[in-house]
Amino acid sequence: MRIRTRFAPSPTGNVHIGNIRAAIYNWLFARHEGGEFLLRIEDTDLARSTPEAVRTVLDSLAWLGLTVDNEPLYQSTQRERHLEVAEELLSKGAAYREDRGGTGRGEAVVFKMPGCDITYDDLIKGPITKKAADLKDFVIVRSDGSPVFHLGNVVDDITMGITHVIRGDDHVENTFKHAAMYAAIGAPPPRFAHLPMIVNAQGKPYSKRDGDAYVGEFQEKGFLPEALFNALALLGWSPGDDREILTREEMIEAFTLERVRSSPSQLDMTKLLWFNGQHLKRRAPEEQVAGYVAALRQQGLWREDISEDYLRAVIACMGERVRLYSELGEQAAYFFTEDYVYDEKSVRKRLLKEGALGILREELSALEAVGEPYTAANTEEALRALAEQTGRTMGDMVHPVRVAVSGTAVGPGLFELLATLGRARVLARIRRTLEKFETQE
RNA sequence: GACCCCAUCGUCUAGAGGCCUAGGACUCCAGGUUUUCAUCCUGGCAACACGGGUUCGAUUCCCGUUGGGGUCGCCA
């Protein structure tokens, strides 16, 4: 039989990482088995299910590359089918009408539990049994005639031909109800697998106050979809060897439900950042450009006259110092503005030290003497010659220039930095720095 | 409260009775490389919640305790 899984979110706004992780596992499982991954929008709560909310769900799936094999089934379109099944259940005696609690609201349709213990074999947790005494009848159609979640969920899974229901831990109790309904309807039940919850940094369930809980937040912060995918997939699942950085294909290849853990876990932001850095450096340079431009634009550092060649040079220059697009602007705004800040500590240590400004002035002459092309090799040669002449170390040479042209003591190799910045900028910045601090001394 | 689930370094995890003086990753620390930082290399700190069993032998199996979580709706 062809494997079929589904993701069945109720579109109530942003998609939580716990839910998207369930979607990832459904997708991975279906792809691994050569089956299908379907989407159902559980939009019966019309008040909360807006078109924008549906859009958000679709966007999140698309962003993460979770390709769906069907046109999404909107649960609200299935209402008649749900009610039909309720009638069948009624006529079979598997359900009855009752004014629950005698509220006078009218009669609801109540599903009758079979009166025996129910056991189902969870693909992740193993067999779980519930005693008959702990199983209560429940409403499947409200007194106003609308179907309840349990009815719609089961009926839709049957009509969609779902073979494996992979969902959050919070549904285990429902599974006994659902299993009983499959039996009453006379449909073969799917296999169930319940994923442990993802908890917040305090090890507690997520609350509205917690940040970093929704897919959109990571997207906005500039995380790479493949990095979030990878990190989330490895929360609760592992390939069985020591691999951590995996491509989608490698995960599909290795994914099995047997290797999913049954204890909750938390998403560590520091490690997520590491995942991002790893995936970032695996991206082709041309793929990176757009991401950097978007981040720089957001930071107000982008100007349309900046050439792509220049940006590429900057990216190459910064190398693995950047793990997230936004870190480029944070760490090295000086590539994009003349108005960079002079880090106070760096200035004190490298420029205001005895004789530093004198050295810098000598270096200015040496660097002025270097013509185009202003390559790393050429500028290095000039400063090496100066160091030899004056009996100084390269350290003495490098530090003042670095602070002068970038305002900070940390960054890429100095000569790559100079070559990237270009002759005009370098000389202008050194002159300006000299002016600024010589008068200050 | 009742029922169900969970429990290995700070975090993510490997481990399915002896291969474990418990392995890997992130973070952190030290050293090396480098003009600085980052990368990279080397090394280090750090865990089987507790108590009983079962067994020649338990991180691994069973029971209990403790702790955490889920569910108890005419919500989904």
Side-chain angles (χ1 to χ4, degrees), chain A residues 8-12 42-45 47-49 75 98-101 103 105-110 122 124-126 128-131 133-136 138-150 152-153 168-177 194 196-197 199 201 203-205 231-232 234-245 258-259 261-275 277-278 281 318-323 327 331-332 346 349-350 380 383-384 387 393-403 406 408-415 417:
Chain A
S10 46
T12 55
E42 302 211 330
D43 59 345
T44 51
D45 187 349
R48 286 195 292 173
S49 304
Q75 187 161 62
E98 183 189 64
D99 180 9
R100 277 220 149 176
T103 53
R105 271 183 290 180
E107 293 195 318
V109 179
V110 181
D122 195 290
I124 291 172
K125 297 168 160 319
I128 306 177
T129 299
K130 202 84 175 174
K131 295 248 175 28
D134 297 320
L135 267 7
K136 294 191 299 196
F138 56 97
V139 172
I140 54 176
V141 180
R142 298 185 188 87
S143 49
D144 68 0
S146 61
V148 169
F149 163 75
H150 302 293
N153 195 268
D169 235 0
D170 48 336
H171 282 293
V172 298
E173 303 292 329
N174 292 334
T175 305
F176 300 97
K177 297 177 181 175
H194 288 94
M197 310 300 256
V199 295
K204 298 287 179 186
L232 250 20
L234 283 247
L235 265 197
W237 170 79
S238 65
D241 46 43
D242 287 334
R243 287 179 296 167
E244 300 249 30
I245 302 299
E258 293 75 62
R259 294 203 58 80
R261 279 172 60 86
S262 52
S263 51
S265 51
Q266 36 185 279
L267 180 62
D268 180 42
M269 291 305 286
T270 309
K271 187 154 186 178
L272 177 61
L273 208 50
W274 173 77
F275 269 111
Q278 292 297 312
K281 74 179 183 186
M318 288 299 286
E320 298 184 5
R321 270 160 273 257
V322 174
R323 293 175 302 177
E327 287 184 343
Q331 289 178 21
S346 302
K349 187 169 175 196
R350 303 300 192 189
E380 177 163 7
L383 291 194
R384 268 195 201 286
T393 67
M394 279 307 275
D396 296 330
M397 297 289 108
V398 161
H399 299 306
V401 179
R402 174 193 304 288
V403 178
S406 72
T408 171
V410 303
L414 178 69
F415 304 107
L417 174 58

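Owing to the predicted nature of the structure, the values given are computational and were not obtained by experimental measurement. Note on naming: letters A, B, ... go to the chains in the order of the sequence lines (proteins, then strands), and numbering restarts at 1 for each one.
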Tell me, for nucleotides 28-36 of chain B in 5' to 3' order, what letter each nucleotide earns: B for a base near a protein heavy atom under 4.0 Å, S for only sugar-phosphate near one, - for neither? -------BB

Using the C1' atoms only, state how far C41(B) lies from A47(B), rounded to an integer number of Å. 27 Å

Are Ser238(A) and A14(B) close enough that a side-chain N or O sits under 4.0 Å from OP1 or OP2? yes

Does A14(B) have OP1 or OP2 under 4.0 Å away from a side-chain N or O of Arg261(A)? yes

For Ala108(A) and Ser143(A), the nearest pair of non-hydrogen atoms, with its separation, is CB-N, 3.9 Å

Asp241(A) with Arg243(A): basic N within carboxylate O range, under 4.0 Å: yes

Starting at CD1 of Ile245(A) and ending at P of A25(B), how long is that distance when rounded to a whole Å? 12 Å

Pairwise P distance for G32(B) and C37(B), with rounding to whole Å: 12 Å

Whole angstrom value for the distance that separates P of A25(B) from CH2 of Trp237(A): 18 Å

Is the closest side-chain heavy-atom distance between Glu327(A) and Leu273(A) below 4.5 Å? yes

Can you work out whether Leu272(A) or Asp241(A) has the more 5'-proximal nearest nucleotide on RNA chain B? Asp241(A)

Roughly how far apart, to the nearest Å, are C9(B) and U59(B) at atom C1'? 13 Å

At a cut-off of 3.5 Å, list every protein nitrogen or oxygen paired with a nitrogen or oxygen from nucleotides 18-24 of chain B, distance to 0.1 Å.
| residue | atom | partner | partner atom | Å |
| --- | --- | --- | --- | --- |
| G24(B) | N2 | Glu244(A) | OE2 | 3.2 |

Please report, rounded to the nearest Å, how far the P atom of U13(B) is from the CZ atom of Phe275(A). 10 Å

Non-hydrogen atoms of Glu42(A) and Asn153(A) that approach each other most closely: OE2-ND2, 3.1 Å

Which heavy atom of Ile124(A) sits nearest a heavy atom of Arg261(A), and at what distance? CG2-O, 3.9 Å

Where protein sits on nucleotides 62-76 of chain B, one letter per nucleotide: B base, S sugar-phosphate only, - none, heavy atoms under 4.0 Å: ------SSBSS-BSB

Rounded distance in Å - CD (Glu258(A)) to C1' (A14(B)): 17 Å

What is the pairing partner of G1(B), taking Watson-Crick or G-U wobble pairs with both distances under 3.5 Å in any strand? C72(B)

Ignoring hydrogens and angles, tell me if any N or O in the side chain of Ser238(A) forms a donor-acceptor pair with the backbone of Leu234(A) under 3.5 Å. no

Taking atom C1' in both U66(B) and G52(B), what distance in whole Å separates the two? 14 Å

Using the C1' atom in both, what is the distance from U21(B) to C61(B), to the nearest Å? 24 Å

Could you work out the separation of G67(B) and A25(B) based on their C1' atoms and round it to a whole Å? 27 Å

Write down the distance separating the C1' atoms in A14(B) and C56(B), rounded off to the nearest Å. 27 Å

Is it true that Ser346(A) and Arg350(A) share a donor-acceptor pair across their side chains at a distance under 3.5 Å? no

Would you call Phe149(A) and Asn174(A) a side-chain contact if the rule is heavy atoms closer than 4.5 Å? yes

With rounding to whole Å, what would you report as the distance between U34(B) and C40(B) at their C1' atoms? 11 Å

For Glu173(A), enumerate each residue passing the side-chain contact (heavy atoms from CB on, under 4.5 Å) test, keeping only those at least two apart in sequence or located in another chain. Lys130(A)

Looking only at heavy atoms, what is the nearest atom pair of Val322(A) and Gln331(A), with distance? CG2-OE1, 4.3 Å

Does any part of the side chain of Ser49(A), heavy atoms only, come nearer than 4.5 Å to the side chain of Pro11(A), both counted from C-beta? yes

Whole angstrom is fine here: how far is it from CD in Gln266(A) over to C1' in A25(B)? 16 Å

Could you identify the nucleotide paired to G17(B), looking across every strand shown and requiring Watson-Crick or G-U wobble geometry with both distances under 3.5 Å? none

Measure from CD1 on Ile128(A) to C1' on C3(B) and round the result to the nearest Å. 12 Å

Send over the distance from Leu232(A) CG to U13(B) P, rounded to a whole Å. 11 Å

Determine whether a donor-acceptor pair (N or O, by modelled atom type, separation under 3.5 Å) exists between the side chain of Arg321(A) and the backbone of Gly411(A). yes

For nucleotides 40-48 of chain B, give me every protein contact, N/O to N/O, under 3.5 Å, one pair per line with atom names.
none

Locate the shortest heavy-atom distance separating Arg259(A) from Trp237(A); write the atom from each residue and the value. O-CD1, 3.6 Å

Complement of A47(B), any strand, by Watson-Crick or G-U distances under 3.5 angstrom: none

For Arg142(A), does its backbone N or O pair with a side-chain atom of Ser146(A) as donor and acceptor, under 3.5 Å? no

Atom-to-atom span, CH2 of Trp274(A) to P of U27(B) - whole angstrom: 8 Å

Nearest non-hydrogen partners of Phe176(A) and Thr129(A), listed with the distance: CE2-C, 4.1 Å

Not counting sequence neighbours, which residues clear side-chain contact (heavy atoms from CB on, under 4.5 Å) with Val172(A)? List them please. Tyr120(A), Lys125(A), Asp169(A), His194(A)

When both hydrogen-bonding distances must be under 3.5 Å and the geometry is Watson-Crick or G-U wobble, what is G67(B) paired with, if anything? C6(B)

